[in-house]
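Below is one structure, written out as C-alpha cells; comments come after it.
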Amino acid sequence: MLSTLELGIDLGTANILVYSKNKGIALNEPSVVAIDTETKKVLAVGTEAKAMIGKTPGKIVAIRPLKDGVIADFDITTELLQHIMRKASKTLGFAIRKPNVVVCAPSGSTSVDRRAIQDAVRNAGAKKVHLIEEPVAAAIGAGLPVDEPVANVIVDIGGGTTEVAIISFGGVVACHSIRIGGDRLDEDIINYVRKVFNILIGERTAEHIKMEIGYALVDHEVKSMNVRGRDLVTGLPKTITLKSTEIQQAMKESLSHILEAIRATLEECPAELSGDIVDRGVILTGGGALLNGMEEWVSKKIDVPVHLAPNPLESVALGTGKALKYIDKLHSIAK
Ligand code: ADP
Ligand code: MG
C-alpha cells in the first residue's frame with residue numbers, strides 16, 4: 001500500500017493542493033513558509049505561516065517561494081513540499097513513502113522552470129514526477145471534454161498569473177499567460193489607499209477588501225467597508241471607509257489586462273473551432289475567478305457566454321488527480 005501511492009499536486013503561487021486517489025483533496029494550504037532569518041529554520045508552513053504575514057518580528061519572515069507560477073526560491077519550495085507531504089500523510093492516515101506524483105507546470109513556463117518543479121518535487125520525496133500542462137489540468141478538473149475535437153476555452157486566474165488556453169484533442173491549441181492575477185489586484189488596492197488616504201494597509205487586509213467589496217463590474221450595488229491601517233503622516237492607526245466603486249476603479253487597469261489576454265487568445269483560435277466558443281462559452285477558474293461579478297463582466301466584454309468552473313480553487317488539483325489515470329501517457333511531457 002505504501003509504495004504504489006500516487007498523488008496529484010497543484011503547486012500554485014497562492015495555494016498548494018494535494019490530491020490522492022482514495023481521499024480526493026487531502027490538503028489545501030497557502031504556499032507560504034515562515035522562516036527565522038538568523039537560523040534559516042522553517043518555523044511554519046501553509047495556513048499557519050500565512051497568518052504571520054506582515055505580523056512577525058524582524059527576524060521572522062513569511063515567504064512565498066513561488067512567483068508568477070514558477071519557483072522563485074528552490075530550497076524553500078522543496079522544504080514547503082516536504083512539510084506539505086508530511087501534513088498530507090497525517091490527513092491520509094498513513095505515511096507517504098516515495099509516491100508517484102503528477103504536478104502541473106504553467107503553460108508559459110520555460111524548460112528550466114519545468115525542470116526545477118520536477119526536481120523540487122523529487123527532492124521532497126517523490127519517486128517519479130510527471131508534469132501536466134496547467135491549463136489542461138484546470139480544464140480536466142473543471143469537467144471539460146478536453147480529449148474531444150472541440151474548443152475548450154479555460155481562463156485560470158491565479159495569484160501570480162492568469163493563463164488563458166484553448167484546448168482541443170487533449171492539447172493546447174492557443175494560449176496566453178500574463179503575470180497579472182489576484183495578487184496584483186491586492187497591490188492595486190494597497191497603492192490606491194496609500195495614494196488617496198495616505199494610509200498603509202497590509203497584503204492580507206487588501207485581499208480581504210478585494211473579496212468583500214471588490215467588483216469587476218462598474219454597475220453593481222454599491223457597498224462600503226471600514227478598514228484600519230497606519231496613517232503615514234501621524235504614524236498612528238486610523239479607520240477609513242472604502243466604497244466598492246473606488247475599489248473597482250483601483251483594479252480597473254489590471255482587470256483590463258486580463259481581458260486583453262482573453263481577447264488575444266480567442267483571436268488565435270483556428271476558424272474551425274470558433275463556432276464552438278460561441279456555443280460552449282469560456283470557463284473561468286482559479287481563485288481570481290471568484291471576484292464579484294467576474295463572469296458577467298467578461299461575458300459582457302467579449303460577447304460570448306462565460307461560466308464559472310464548479311470549484312475554481314480546486315480545478316487544477318482535481319485535474320492532476322484525474323490525470324493520475326493517464327500517468328503513462330503523461331510521461332512523454334515530462335521529458
Ligand atoms: P494559485 O493557483 O496561483 O495558487 P489560486 O487559484 O489558489 O492561485 O487563487 C488565489 C487567488 O485568488 C488569490 O489572489 C486570492 O486573493 C484570490 N481569491 C480567492 N478567493 C477570492 C474571492 N472570493 N474573490 C476574489 N479573489 C479571490
Ligand atoms: Mg493555480
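All heavy atoms count here, side chains included; hydrogens, waters and symmetry mates do not. Just so you know, ligand 1 is whichever comes first in the structure, and atom 1 is the first atom listed for that ligand.
- Distances from atom 19 (C) of ligand 1 to the heavy atoms of Met211, Glu163, Arg184 show the closest one on Met211.
- Shortest contact from atom 2 (O) of ligand 1 to any protein heavy atom: Gly12 CA, 3.9 Å.
- For the residue pair Glu268 and His176, a side-chain donor N or O sits within less than 3.5 Å of a side-chain acceptor on the partner.
- Atoms of ligand 1 lying under 4.0 Å from at least one heavy atom of Thr13, given by number and element, are 1 (P), 3 (O), 4 (O).
- Annotation: atom 7 (O) of ligand 1 to nearest protein heavy atom, Asn15 ND2, 2.7 Å.
- Donor-acceptor pairing under 3.5 Å is recorded for the side chains of Asp188 and Ser254.
- Defined by atom type and a distance below 3.5 Å, a donor-acceptor pair is present between the side-chain atoms of Asp113 and Thr110.
- Close approach of ligand 1 to Glu207 (heavy-atom distance below 4.0 Å) involves ligand atoms 13 (C), 15 (C), 16 (O).
- Judged by distance alone, the side chains of Arg114 and Ser109 do bring a donor and an acceptor atom under 3.5 Å apart.
- When non-hydrogen atoms are compared, ligand 1 lies under 4.0 Å from the backbone of Asp183 as well as from its side chain.
- Each of the atoms 24 (N), 25 (C) of ligand 1 lies under 4.0 Å from some heavy atom of Leu291.
- Considering all non-hydrogen atoms of both residues, Leu81 and Leu11 come closest at CD2-CD1, 4.0 Å.
- The protein non-hydrogen atom at the shortest distance from atom 6 (O) of ligand 1 is Gly287 N, 2.9 Å.
- For atom 23 (N) of ligand 1, the nearest protein heavy atom (residue, atom name, distance) is Leu290 CB, 3.5 Å.
- Salt bridge status for Arg179 with Glu163: absent, with no side-chain N to carboxylate O gap under 4.0 Å.
- Looking at every heavy atom in both residues, Ala26 comes nearest to Thr91 through O-CG2, 3.2 Å.
- Side-chain N/O atoms of Tyr19 and Lys322 include no donor and acceptor closer than 3.5 Å.
- A side-chain donor-acceptor contact under 3.5 Å links Thr241 and Asn226.
- Regarding atom 3 (O) of ligand 1, its nearest protein heavy-atom neighbour is Gly159 N, 2.8 Å.
- Side-chain atoms of Thr265 come within 3.5 Å of backbone atoms of Ala261 as a donor-acceptor pair (strictly under, hydrogens ignored).
- The distance criterion of under 3.5 Å between nitrogen or oxygen atoms is met by Lys210 with respect to ligand 1.
- The shell of residues lying under 4.0 angstrom from ligand 1, judged by heavy atoms, excludes Gly181.
- Annotation for ligand 1: atoms under 4.0 Å from non-hydrogen atoms of Leu313 are 7 (O), 9 (O).
- Set against the non-hydrogen atoms of Gly286, the atoms of ligand 1 under 4.0 Å away are 6 (O).
- Among the atoms of Asp186, none of the N or O lies under 3.5 angstrom from an N or O of ligand 1.
- Of all protein heavy atoms, the one closest to atom 10 (C) of ligand 1 is Ala14 CB, 3.6 Å.
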